[in-house]
Amino acid sequence: DVVGCFLQPMQALTDRGLNCFSSLPCLETCKLSYCPTITASGLASFVLNCSSSIGRVEVLCCAGVSPAEAAAVQDAVWG
């Protein structure tokens, strides 16, 4: 079972492509770095579509997602 994924650098990864990873049933963590086409809404969709097992998403140097947006997504999901 895949419990974590580290996507770096994924220049061509889109929001739609990221959302494909949400179907992994045992995914616990996801680290995204240098994925310039990911957006805050795509990140939110990915996190909301993940199974309840995911507990951590890290976003670093993704031009379409500011640190504040990444934090807001995480706060909205995990409080």
Side-chain angles (χ1 to χ4, degrees):
D1 291 338
V2 177
V3 296
C5 63
F6 184 47
L7 304 173
Q8 172 199 350
M10 299 287 288
Q11 300 292 324
L13 182 66
T14 63
D15 291 341
R16 184 176 177 186
L18 176 61
N19 210 33
C20 290
F21 289 94
S22 68
S23 65
L24 297 171
C26 298
L27 188 64
E28 295 174 2
T29 63
C30 183
K31 296 180 182 183
L32 300 165
S33 48
Y34 302 99
C35 301
T37 58
I38 299 299
T39 65
S41 63
L43 179 65
S45 176
F46 164 71
V47 171
L48 292 172
N49 287 326
C50 281
S51 70
S52 60
S53 65
I54 196 160
R56 182 175 174 183
V57 175
E58 293 181 27
V59 179
L60 176 66
C61 298
C62 294
V65 183
S66 72
E69 290 171 321
V73 168
Q74 292 189 41
D75 287 346
V77 175
W78 298 294

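Being a predicted model, the structure only gives us computed values, none of them experimental.
- Put simply, the side chain of Ile38 reaches to within 4.5 Å of the side chain of Asp15, judged on heavy atoms.
- When all heavy atoms of Phe46 and Leu18 are compared, the pair lying nearest together is CD1-O, 3.4 Å.
- Atom CZ of residue Arg56 and atom CD of residue Gln74 lie 8.5 Å apart, to the nearest 0.5 angstrom.
- Applying the side chain to side chain donor-acceptor pair (under 3.5 Å) criterion to Ser41, with sequence neighbours excluded, gives Thr39.
- In this structure, the separation between SG on Cys26 and CD1 on Ile54 is 11.5 Å, given to the nearest 0.5 Å.
- Remark: Pro67 engages no residue in a side-chain contact (heavy atoms from CB on, under 4.5 Å) (not counting sequence neighbours).
- Shown here are the side-chain contact (heavy atoms from CB on, under 4.5 Å) partners of Ser66, two or more places apart in sequence or in another chain: Ala68, Glu69.
- Remark: Ser45 pairs with Asn49 by the side chain to side chain donor-acceptor pair (under 3.5 Å) rule, at least two apart or across chains.
- The CD atom of Gln11 sits 8.0 Å away from atom SG of Cys35, with the distance rounded to the nearest 0.5 Å.
- What you find for Cys50 and Leu27 is that their closest heavy atoms are SG-CD2, 4.4 Å.
- Of all non-hydrogen atoms in Phe21 and Gly17, the two that sit nearest each other are CD1-O, 3.6 Å.
- In terms of the side-chain contact (heavy atoms from CB on, under 4.5 Å) criterion, residue partners of Val59 (sequence neighbours excluded) are, by chain and number, Leu32, Leu43, Val57, Cys62, Val65, Ala70.
- With sequence neighbours left out, the salt bridge (Lys or Arg N to Asp or Glu O under 4.0 Å) criterion links Arg16 to no other residue.
- Of all heavy-atom pairs spanning Val47 and Val73, the tightest one is CG2-CG1, 4.1 Å.
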